[in-house]
Amino acid sequence: MLDLRWVRDNIDVVQEALEKRAAKVDLSRFKELDSERRTLIVKVEHLKNERNVVSGEIAKLKKAGAPADDKIEAMRTLGDDIKELDERLADIEDELNRLMMDIPNIPHESVPVGEDETCNPEIRTWGEQPKFDFEPKPHWDLGLDLGVLDFERAAKITRARFVLYWDLAARLERALLNLMLDLHTGTHGYTEVFPPILVNDTSLTGTGQLPKFADDLFKIEDDNLYLIPTAEVPVTNIHRDEIFAGDDLPRHYCAYTPCFRREAGAYGKDTRGLIRHHQFNKVELVKFVHPETSYDELEKLTANAEAVLRALNIHYRVISLCTGDIGFSAAKTYDIEVWLPGFGGYKEISSCSNFEDFQARRANIRFREHPKAKPQFVHTLNGSGLAIGRTVAAVFENYQQADGTILIPEALKPYMGGAERIVAKKF
RNA sequence: GGAGAGAUGGCCGAGUCGGUCGAAGGCGCUCGCCUGCUAAGCGAGUAGGGGGUUAUAAACUCCCUCGAGGGUUCGAAUCCCUCUCUCUCCGCCA
């Protein structure tokens, strides 16, 4: 959410940003509601002041044993007026609030202007596409041939877009998440947390998934709880309604969690393999930082996520999302796209964003520069470090051999219980 | 799931029959004074949000907030209702 006063004073900036994002929000309605709200506040507060003053007088009279009936009678009608104005004010604030909730974040000035994902510029690449003297297979064929990725049984147990891993594929998933957590907690200095994966609607509103994106979430109706679509939600909400002391910042957290997404708008997209599932594991990086440092922190966070692919020695590129492709809450986003030789293209494996104070304002996460200073909003950032299912896919495709087996990358060997490669087996 | 108790400022804790309570007292913290050092002592300050005025400064002023939301009342931290959370006991359970 943006700051109400800031929007009021910078309505043209907001309008321009909305156009760049191709977002539809009615700012003329905003102007109406905002000015009506302020007029009403002045009126009703004036009346409330009178009520408070006269109530004090009534108290005095009663104590002195004097009659106060005429004042009480006058206050009765005043009370009705206040009630009516308060109700109108509440209606206006509701509508204004809904409107504010629908306004996406303002992209940072460094974000490239563009209509859609075809306009995202490449920032850098690392490594090279591996050369094969055979036709590399996509990971789903590799997994099926080796017997370790069982989509059929997963569909039986649950439904499509779920997977059952067998044996060394299951082990590989666990190896990867351990490698990632060890790297981020060790070398990169993040604090590991393990949060709840069912959350309430306040948490989802804080990070921006609600109210706008309810369709993307799995909901437990009976308890009014949701399965998290990303660890960003519980981890960012750790500090909801809290005020940091200035020297408590920055905070760097990493968390492994399963993630659940309904993928409501994605029918027919990435239907094969591990790319787009309803349930997947992810290691997430989340930062709470001083506003002045947040863009430096975004560069570092992205580099920390990249470090996983470097450790695995897998080629990738980093792109900067343009104004038309950037997420609702983000001010700037880098996507890391991993090379999948069998699939024959790059695929997003991490999305690293600076939300500036957009989430912090919704979730009310603040800090004090000095003990006596007014609280101000922190900046929040997060990024995948990495999506684990897609990393499994990347390992499969990049480390496949002519005989259909998959070599275990050097960095994963300590985690694989002595296994050197994944070979075909029937389960 | 059943029965009961509770939720007040950074923390602890008072709040009488609803009446000047945003809230006694203590601790902590900040600033100043004092004292060879330390400790102690003295004085002052110490919630958040939203309006008005203003330069989106300082200062001043008003309104709201005593878990959340609603109600009763001229007036609610105090009374009533709903919800959430915490604690105790019973049941169930990895």
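These values consider heavy atoms only, across backbone and side chains, with no hydrogens, waters or symmetry-generated copies.
Nucleotides rA44(B) and rG67(B) place their P atoms 30 Å apart, quoted to the nearest Å. For rC31(B) and rC85(B), the C1' atoms lie 38 Å apart once the distance is rounded to whole Å. The gap from the P atom of rU65(B) to that of rG4(B) amounts to 31 Å, rounded to the nearest Å. Annotation: rG6(B) and rC17(B) have their P atoms spaced 15 Å apart (nearest Å). Comparing the P positions of rG49(B) and rG10(B) gives a spacing of 12 Å, expressed to the nearest Å. Of the P atoms belonging to rC12(B) and rG50(B), the separation is 27 Å, rounded to the nearest Å. Atom name C1', nucleotides rC81(B) and rU73(B): the rounded distance is 16 Å, in whole Å. Comparing the same atom, P, in rC79(B) and in rG19(B) gives a spacing of 11 Å after rounding to whole Å.
In summary, contact between chain A and RNA chain B, defined as any nucleotide atom under 4.0 Å from a heavy atom of the protein, begins and ends at rG19(B) to rG75(B) in the 5' to 3' direction.
Of all the residues in residues 28-40 of chain A, R37(A), R38(A) reach under 4.0 Å from RNA chain B with at least one non-hydrogen atom. Residues of residues 89-97 of chain A that place a heavy atom closer than 4.0 Å to RNA chain B do not occur. Taken residue by residue, residues 80-87 of chain A places heavy atoms nearer than 4.0 Å to RNA chain B at K83(A).
Ion pair E263(A)/R261(A) not flagged as a salt bridge, since none of the NZ, NE, NH1 or NH2 atoms sits closer than 4.0 Å to an Asp/Glu carboxylate oxygen. A salt bridge does not link D216(A) with R262(A): every distance from a Lys NZ or Arg NE/NH1/NH2 to an Asp or Glu carboxylate oxygen is 4.0 Å or more.
Across all strands shown, rU65(B) is found opposite rA47(B) as a Watson-Crick or G-U wobble partner, with both distances under 3.5 Å. Base-pair partner of rG41(B): rC33(B) (Watson-Crick or G-U wobble, both distances under 3.5 Å). The base-pairing partner of rG18(B), taking Watson-Crick or G-U wobble contacts with both distances under 3.5 Å, does not exist among the strands shown. Judged by Watson-Crick or G-U wobble contacts below 3.5 Å, the nucleotide rU73(B) has no partner. In this structure rG4(B) sits in a base pair with rC87(B), meeting the Watson-Crick or G-U test at under 3.5 Å. Using N1 to N3 plus N6-O4 or O6-N4 for Watson-Crick, or N1-O2 and O6-N3 for G-U wobble, each under 3.5 Å, rA59(B) pairs with nothing. Pairing partner, rA24(B): none, since no Watson-Crick or wobble contact has both distances short of 3.5 Å.
Within the 4.0 angstrom heavy-atom criterion, base atoms lie near I58(A). Contact annotation for K62(A): base contact, defined as any heavy-atom pair under 4.0 Å involving a base atom.
Applying the salt bridge (charged side-chain N to carboxylate O under 4.0 Å, His left out) test to K20(A) and every residue at least two apart in sequence or in another chain returns E16(A). For N281(A), the side chain to side chain donor-acceptor pair (under 3.5 Å) partners at least two apart in sequence or on another chain are E173(A), Y256(A). Partners of R171(A) according to the side chain to side chain donor-acceptor pair (under 3.5 Å) rule, which considers only residues two or more places apart in sequence or in another chain, do not exist here. Qualifying side chain to side chain donor-acceptor pair (under 3.5 Å) partners for R368(A), counting only residues two or more places apart in sequence or in other chains: none. The side-chain contact (heavy atoms from CB on, under 4.5 Å) check on D248(A) picks up F244(A), A245(A), R251(A), with sequence neighbours excluded.
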Side-chain donor/acceptor pairs under 3.5 Å, residues 381-396 of chain A, sequence neighbours excluded:
from	atom 1	to	atom 2	distance (Å)
N382(A)	ND2	E232(A)	OE1	3.4
N382(A)	ND2	E232(A)	OE2	3.4
S384(A)	OG	S351(A)	N	3.2
R390(A)	NE	I275(A)	O	2.8
R390(A)	NH1	E348(A)	O	2.7
R390(A)	NH2	I275(A)	O	2.9
T391(A)	OG1	A387(A)	O	2.6

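Counting non-hydrogen atoms of neighbouring residues, nucleotides and ligands closer than 6.0 angstrom, the CD atom of E115(A) reaches no more than 12 such neighbours.
Relative orientation of the H278(A) and F162(A) rings is tilted, given thresholds of 30° and 60° on the angle between their planes.
Sorted by first and then second residue, the pairs that involve residues 81-114 of chain A and meet ring-ring contact (aromatic ring centres under 6.0 Å, His included), not counting sequence neighbours, are H108(A)-Y295(A). Sorted by first then second residue, the side-chain hydrogen bond (donor to acceptor under 3.5 Å, both in side chains) pairs that include residues 38-54 of chain A, not counting sequence neighbours, are K48(A)-D86(A).
No side-chain N or O of E356(A) forms a donor-acceptor pair with one of H379(A) less than 3.5 Å apart. With hydrogens and angles left out, the side-chain atoms of K219(A) and N224(A) include a donor and acceptor closer than 3.5 Å.
Using a 4.5 Å cut-off on side-chain heavy atoms (C-beta onward), F288(A) and E297(A) make no contact.
Ranked by how close their nearest RNA chain B nucleotide is to the 5' end, E45(A) and G56(A) are led by G56(A). Heavy-atom nearest nucleotides on RNA chain B were determined for H46(A) and for D3(A), and the one closer to the 5' end corresponds to D3(A).
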